[in-house]
Amino acid sequence: EDRFSTVVLTPESAELLLKSTQPQKIKGQDSVLNFYPEQRPVTDSFHINLKIGTDGIVRVSEMPLPQTDGVSYLIVWQMPGMTRIAQIPQSLDRDDIFVIISDTSGLSISRNIATAAASADICMIADDDTVLLPDAFKDIKKTFASDKALDIALFRIKGKRKTYPSEHTRLHRKMPHGYWVTSSEITFRTSSIKGQIQFREKFGLGSPRFTAAEEAFFISDALCRGLSVAIVPIEICAQPQLSSGERPFTSDGGFPASQGAYIRHIHGIIYGIPHIFMLALRARRTHKAPFLFTLKHAFQGFTCKTTEML
């Protein structure tokens, strides 16, 4: 099998990769990815999803990415409208690091591309400011090894100001009260996700309307598919910057709109309306967001057509 270090995907080839469940040869702008989903001899994979722009790859090149047996790093670098092949930093020229340069935009699209290209048993999602804790890989592998039925494990981020369940918690239809999921907490069995669910590409940073809630929809879709999801009380990383789900409510209308759409998805129309008002009240109390601003945009997301959320 031919290994690759850098692959350039046009939007058409990225779409083919996302839809494919069989081995494919994907032609890029000036290189080829030999994509054999079940044959690459990697036991674990750590996914890094970059923000749009040239500075993202620089931040990743400065990240501590420990070389560990059985671990590979799959980096999706989005360069929409690129006219030439970008320069990959020298520090990323390693046998365990793979870079996919994609002429696409949108955080959820980048995660779907990474998942489609992965062939490892276990995958972890990370951002370009994620700092792995020393025992992260060992703790993740041990968790999945001890529970063969587990499909998705949600770990903890060290120092994160949020409410975590105090013990190992198996999820059912929705999240525990007061808990929201962050991307760097998500790990999963690749075989459980491929061909089953994707991140909804109309949600997340880079999306024109709904700029958040992609992780919440991902977990909800997994639960609806009957996948086993658990919150694990183990810290695996630190993240000094705010995640997309922690941005101020007033940063853009897409954030409360995303929350409104998710409330509709979870609670339905009748039971969801009180939750919209509760969201606006909580945003005013906790985030100092204007009540009417949050209410307006949350209702716009809440009343959108179901097809707009898929």
Side-chain angles (χ1 to χ4, degrees), residues 9 13-24 26 33 35-40 42-49 72 74 76 98 100 102 104 106-126 140-141 143-155 169-175 179-204 207 210 212-232 245 258 261-262 264-266 306-310:
L9 296 181
S13 59
E15 182 179 6
L16 177 59
L17 176 61
L18 289 172
K19 292 180 178 179
S20 175
T21 57
Q22 301 297 323
Q24 296 286 336
I26 309 296
L33 161 60
F35 177 49
Y36 298 93
E38 304 303 329
Q39 297 176 11
R40 183 146 44 113
V42 178
T43 57
D44 295 287
S45 184
F46 174 39
H47 291 189
I48 303 172
N49 293 278
S72 63
L74 181 56
V76 176
F98 305 93
I100 296 177
S102 176
T104 60
L107 185 58
S108 291
I109 292 176
S110 76
R111 289 173 179 165
N112 289 338
I113 289 174
T115 303
S119 60
D121 294 329
I122 301 170
C123 292
M124 173 184 176
I125 295 175
I140 293 169
K141 292 172 65 175
T143 297
F144 281 97
S146 63
D147 187 350
K148 300 298 184 181
L150 184 62
D151 298 305
I152 300 175
L154 307 175
F155 290 87
T169 304
R170 190 77 66 169
L171 298 186
H172 298 287
R173 185 173 179 270
K174 55 185 179 181
M175 304 288 183
Y179 171 84
W180 73 91
V181 63
T182 303
S183 61
S184 294
E185 299 165 346
I186 300 174
T187 65
F188 54 81
R189 294 188 197 274
T190 311
S191 59
S192 300
I193 300 305
K194 276 193 174 185
Q196 297 295 319
I197 58 171
Q198 291 185 326
F199 283 92
R200 298 194 183 195
E201 296 179 354
K202 293 182 180 179
F203 289 82
S207 301
F210 302 114
E214 72 279 6
E215 300 100 336
F217 273 103
F218 179 79
I219 298 303
S220 176
D221 290 342
L223 292 171
C224 288
R225 288 292 187 114
L227 298 186
S228 175
V229 183
I231 301 174
V232 182
S258 303
Y262 181 69
R264 161 79 175 278
H265 173 71
I266 292 296
T306 304
T307 53
E308 295 181 69
M309 294 190 285
L310 299 177

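A quick note: this is a predicted structure, and the numbers were derived from the prediction, not measured.
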Given the rule in the side-chain contact (heavy atoms from CB on, under 4.5 Å) test, do Ile109 and Val76 qualify, once you have shown the distances and angles that lead to the verdict? CA-CA 10 Å; Ile109 292 176; Val76 176; over 6 Å; no

[atom1] of [X] to [atom2] of [Y]: how many Å apart, nearest 0.5 Å?
X: Ser220; Y: Met175; atom1: OG; atom2: CE; result: 7.5 Å
X: Ser192; Y: Ile197; atom1: OG; atom2: CD1; result: 9.0 Å
X: Cys224; Y: Ile219; atom1: SG; atom2: CD1; result: 11.5 Å

For the residue pair [X] and [Y], what are the closest heavy atoms and their distance?
X: Lys194; Y: Thr115; result: CE-O, 3.0 Å
X: Ser108; Y: Glu201; result: CB-CA, 3.8 Å
X: Ala118; Y: Leu74; result: N-CD2, 4.1 Å
X: Tyr179; Y: Glu185; result: OH-OE1, 3.3 Å
X: Ile152; Y: Leu154; result: CG2-CD2, 3.9 Å
X: Ser102; Y: Ile113; result: OG-CD1, 3.5 Å

Just by distance, do the side chain of Arg111 and the backbone of Phe199 share a donor-acceptor pair under 3.5 Å?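 Absent.
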
Got a donor-acceptor contact below 3.5 angstrom from the Arg189 side chain to the Phe144 backbone?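 It does hold such a pair.
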
Side-chain contact, heavy-atom cut-off 4.5 Å: Lys174 with Leu223?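 No, side chains not in contact.
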
Arg170 and Ser228 side chains, donor-acceptor separation under 3.5 Å: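 Side-chain D/A pair, Ser228 to Arg170: present.
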
Check the angle between the aromatic planes of Tyr262 and Phe217 and answer parallel, tilted or perpendicular using the 30° and 60° thresholds.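 Rings of Tyr262 and Phe217: perpendicular, over 60°.
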
Parallel, tilted or perpendicular: which fits the ring planes of Phe188 and Phe218, with parallel below 30° and perpendicular above 60°?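 It falls in the tilted class, 30° to 60°.
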
side-chain contact (heavy atoms from CB on, under 4.5 Å) against Thr143, all qualifying residues, sequence neighbours excluded: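 Here the qualifying residues are Leu150, Ala153, Phe155, Val232, Ile234.
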
Does the side-chain contact (heavy atoms from CB on, under 4.5 Å) test come out yes or no for Asp221 and Arg200, once each step is laid out? CA-CA 9 Å; Asp221 290 342; Arg200 298 194 183 195; 2.8 Å; yes

